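Please read these numbers as outputs of a predicted model, since none were measured by experiment.
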Amino acid sequence: MKFWPSFGNKLETRASYTDTLIAALVSRVQGKTLSIPTATAALEACAGTVGRGFAASEVSGPDSLTQALTPSIMEMIGRSLIRTGELVLLIDTTAGKLRLIPAETHDVEGGPFPEEWEYRLTLGGPSRTITYDFVPAQSVLHFKYAADPSTPWRGNGPIAIANLAGKLSAETVRALADESSGPIGRLLGIPVDGGDATVEALKADIRDARGRTALIETGDWGNSGSAKVSLKTERFGPQPPSSLVELVTVASREIYAACGLNAAIWGAGDAASTREAWRLCLFAVLSPLGKLVESELKSKLDDEIALSWGELKASDLSGRSRAFQSMVNGGMSVTDAMSVAGLMVED
């Protein structure tokens with residue numbers, strides 16, 4: 001087990017708001033609609049899938065450490081890697097046991113050697129926040145995705161890298177939301193009686209329609225000399241162009257691709273494509289990200305910690321069995337074929 005050095009701290013009683021929240025509040029006051037890429041359902045679908053996948057991971061190692069790596073912590077790691085590209089957890093032992101506490105914000109200082117970095121962490125709580133200064137790197141878990149060589153101390157989420165795709169998704173979803181936020185209802189013509197020279201009441205009725213029928217005066221009321229009167233309502237409400245709806249779909253697929261996932265995961269294809277999408281999610285997303293997380297856990301906590309997805313891999317047993325059979329028929333040894341197909345039983 002690693003040794004975690006001590007560090008000083010100070011208490012702050014300040015309100016804590018993210019830049020996104022502040023921007024949203026300012027935008028609302030100014031009467032503007034803010035497009036936030038991280039607020040789209042497409043990104044949430046990806047973050048939720050990866051987060052739940054990490055919550056389902058099997059963590060092996062010393063009990064004192066695996067007990068701290070709870071499903072909720074693992075889920076937070078997976079979600080954060082997709083949404084923001086990084087997560088910092090304080091390694092805390094002040095309660096007599098190991099606790100991993102997520103940092104609301106963090107700053108990193110130091111030179112080019114990660115083991116010499118120092119962190120300033122802000123830990124958020126219901127009524128106050130605590131800020132720790134000069135926390136040594138060995139006392140924090142810093143999980144990073146897609147770190148750039150120019151800023152190796154910072155992770156980058158898929159949307160931060162593919163920012164044009166994020167903006168496209170946010171803008172199209174916002175446009176569709178604006179199209180859908182107008183009043184919905186029906187208009188019914190009634191005879192003109194000349195008693196109301198304004199349309200203010202009509203404006204109020206249309207604004208508050210919410211699916212109800214608004215009455216308007218009209219001169220088109222049957223034919224002269226005819227006793228037959230035809231009442232016909234005209235519906236009004238959101239009618240977004242098909243091109244906008246299609247653009248939202250395309251933009252969502254761009255987000256899925258940036259996160260390494262396929263829309264078939266969420267039922268956008270037949271059963272075979274859905275199974276293949278899940279297989280790719282496991283082997284091309286969860287497993288590689290798991291290696292990054294596992295490396296940090298081994299470095300900061302214990303060399304014996306390991307992550308695996310045995311339960312999820314079991315869902316792909318038939319596919320791996322077919323691959324095993326093909327390799328054996330092709331001349332590969334049974335042992336090698338079992339290893340490549342992932343059918344070996346680990347001790």
Original post:
Hey, does Arg154 have a side-chain heavy atom less than 4.5 Å from the side chain of Val108?
Top reply: no

Subject >> Side-chain (Gln138) to main-chain (Ser299) donor-acceptor, under 3.5 angstrom >> reply: yes

**OP:** Using side-chain contact (heavy atoms from CB on, under 4.5 Å) as the criterion, point out the one residue from Leu87, Leu141, Leu292, Leu100 that pairs with Ile77.
**Re:** Leu87

Original post:
Under 3.5 Å, is there a donor-acceptor pair between the Arg120 and Thr105 side chains?
Top reply: no

**OP:** Applying side-chain contact (heavy atoms from CB on, under 4.5 Å), run through Tyr145 and Ile82 and close with a yes or a no.
**Re:** CA-CA 8 Å; Tyr145 172 77; Ile82 296 298; 6.0 Å; no

Original post:
Less than 4.5 Å apart, any side-chain heavy atom of Asp133 and any of Leu121?
Top reply: no

Subject >> Side-chain touch Val293/Phe54, heavy atoms, less than 4.5 angstrom >> reply: yes

Original post:
Side-chain heavy atoms under 4.5 angstrom apart, residues restricted to Ile, Leu, Val, Met, Phe, Trp, Tyr: same cluster for Leu280 and Val285?
Top reply: no

Original post:
So, does Ser139 use its side chain to make a donor-acceptor pair with the main chain of Val135 at under 3.5 Å?
Top reply: no

Subject >> Asp336 side chain to Ser333 side chain, donor-acceptor N/O pair below 3.5 angstrom >> reply: yes

Subject >> Min side-chain heavy-atom separation Ser64-Leu98 under 4.5 Å >> reply: no

Original post:
Hey, do the aromatic rings of Trp153 and Tyr119 have their centres closer than 6.0 Å?
Top reply: no

**OP:** Could you name each residue pair satisfying salt bridge (charged side-chain N to carboxylate O under 4.0 Å, His left out) that touches residues 284-296, not counting sequence neighbours?
**Re:** Glu296-Lys300

Original post:
Within the distance-only criterion (no hydrogens, no angle test), does the side chain of Thr249 pair as donor or acceptor with the backbone N or O of Val245 below 3.5 angstrom?
Top reply: yes

Subject >> Within one Ile-Leu-Val-Met-Phe-Trp-Tyr cluster: Val50 and Met74, side-chain cutoff 4.5 Å >> reply: yes

Subject >> Leu286 CG to Cys281 SG distance, which is reported to the nearest 0.5 Å >> reply: 4.0 Å

Subject >> Hydrophobic cluster identity match, Tyr256 and Phe283, side-chain contacts under 4.5 Å >> reply: yes

Original post:
Which residue pairs satisfy the side-chain hydrogen bond (donor to acceptor under 3.5 Å, both in side chains) criterion with at least one member in residues 72-90, sequence neighbours excluded?
Top reply: Glu44-Arg79, Thr70-Ser72, Glu86-His142

**OP:** Would you mind checking if Lys298 and Asp303 are paired as a salt bridge, meaning a charged N to carboxylate O distance below 4.0 Å?
**Re:** no

Original post:
Do Ser252 and Trp266 have side-chain heavy atoms sitting under 4.5 Å apart?
Top reply: no

**OP:** Determine, stepwise, if the pair Thr172 / Leu168 fulfils side-chain contact (heavy atoms from CB on, under 4.5 Å).
**Re:** CA-CA 6 Å; Thr172 52; Leu168 175 63; 3.8 Å; yes

Subject >> Candidate pair Leu69 and Ile305, rule side-chain contact (heavy atoms from CB on, under 4.5 Å), full reasoning >> reply: CA-CA 10 Å; Leu69 293 167; Ile305 289 182; 4.2 Å; yes

Original post:
So, Asp270 versus Ser273: side-chain donor-acceptor pair below 3.5 Å or not?
Top reply: yes

